[in-house]
> 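My structure is below; once you've seen it, I'll send some questions.
Numbers for residues simply follow the sequence, beginning at 1. As the structure is a computational prediction, the values presented were derived from the model and not from experiment.
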Amino acid sequence: MTLSTYLAFLGVAVILAVTPGPDTLLSLRYALVSRRAGAFAAAGSSSAMFVWAALAALGLAALFEASDIAYYLVSLLGGCYLLWLGARTSLTARGRFRNAGVIAAAGLQEAAPVKTSTTTPRTAYFAGVATCMTNPKVGLFFLALFPQFTPTGTSPLFAIAVLGGTVVATVYAYLIGIVLLVDAANRWLSNPRVTGWIELVSGLTLVGLGLYMLVTGGLGLLP
């Protein structure tokens, strides 16, 4: 692989990273909880993306290209998960709005903590893994991309380590940037109304993505 070819591939990886999707929304959602939770969510998404790269390089992801049923079943599973995640995020946003109303009524300056379910790094990590692994489009992306940039005669290890590693590192760097940006704006985001609106928009967007995956998956299974 020449330097110019690799730079072209890197450009594609950057475009993939900055394109808004479930992984970006998930990292943002957990970054609102804590910087650590956001970092683990980003790590989970990146880990799953590396698994997709390995599956594509080994030819297993070709199953989704050859079998519409397999693709749509995974899409349905991913849609259900995104719906659940979006609904949960939207409920958290409602709790923040309620908390903001209590603060305004009492004339308090600082927000009381919103009672949400306990979020551990492990929870955030596996949420990232689940979100990415139930999105078959990631596997198809690698499946379409690898043949164009893999030199003739190289082993699958090259595609996994070099190409897959480049995409994963680029996406992870972008997601971590999102997490750090949210953390840097922590004082502004401490306003429950602000975080409530961010979580509400994120939750509704996740619900929309989930519905889209459910509809496309369901239509694909129809005769």
> Rounded to the nearest 0.5 Å, what separates atom CG in Leu175 from atom OG in Ser27?
4.0 Å
> Within the structure provided, determine whether Val129 and Ser45 are in side-chain contact (heavy-atom separation under 4.5 Å).
no
> If I compare all heavy atoms of Ala124 with all of Ala37, which pair ends up nearest, and what's the gap?
CB-O, 3.3 Å
> With sequence neighbours left out, what residues match Tyr172 under side chain to side chain contact (heavy atoms under 4.5 Å, CB included)?
Ala42, Ala43, Ser46, Ile176
> If hydrophobic clusters are built by linking Ile, Leu, Val, Met, Phe, Trp and Tyr wherever their side-chain heavy atoms come under 4.5 Å apart, do Met49 and Val18 end up in the same one?
yes
> Are Tyr6 and Phe158 joined in one hydrophobic group, where the rule is that I, L, V, M, F, W and Y side chains link up if heavy atoms are under 4.5 Å apart?
yes
> Identify the two heavy atoms, one from Val162 and one from Thr166, that lie closest to each other, and give their separation to 0.1 Å.
O-OG1, 2.6 Å
> Show the atom names and distances, to 0.1 Å, of all donor-acceptor pairs under 3.5 Å that link a side chain in residues 7-17 to residues at least two apart or in another chain.
none

> Out of curiosity, does Leu28 fall in the hydrophobic cluster containing Val179 (side-chain heavy atoms, cut-off under 4.5 Å, transitive links)?
no
> Any side-chain heavy atom of Tyr174 within less than 4.5 Å of one from Thr24?
yes
> Are Val171 and Val168 linked, directly or through other ILVMFWY residues, by side chains that come within less than 4.5 angstrom of each other?
yes
> Does a side-chain heavy-atom distance below 4.5 Å link Val167 with Phe50?
no
> Looking at Thr131 and Pro22, what are the two nearest heavy atoms and their distance?
CG2-CB, 3.5 Å
> Trp52 side chain to Gly164 main-chain N or O, any donor-acceptor pair under 3.5 Å?
no
> Contact between Thr123 and Phe40 at the side-chain level, heavy atoms closer than 4.5 Å - yes or no?
no
> Please collect all salt bridge (charged side-chain N to carboxylate O under 4.0 Å, His left out) contacts where either partner lies in residues 34-47, sequence neighbours excluded, each pair once.
Arg35-Asp183
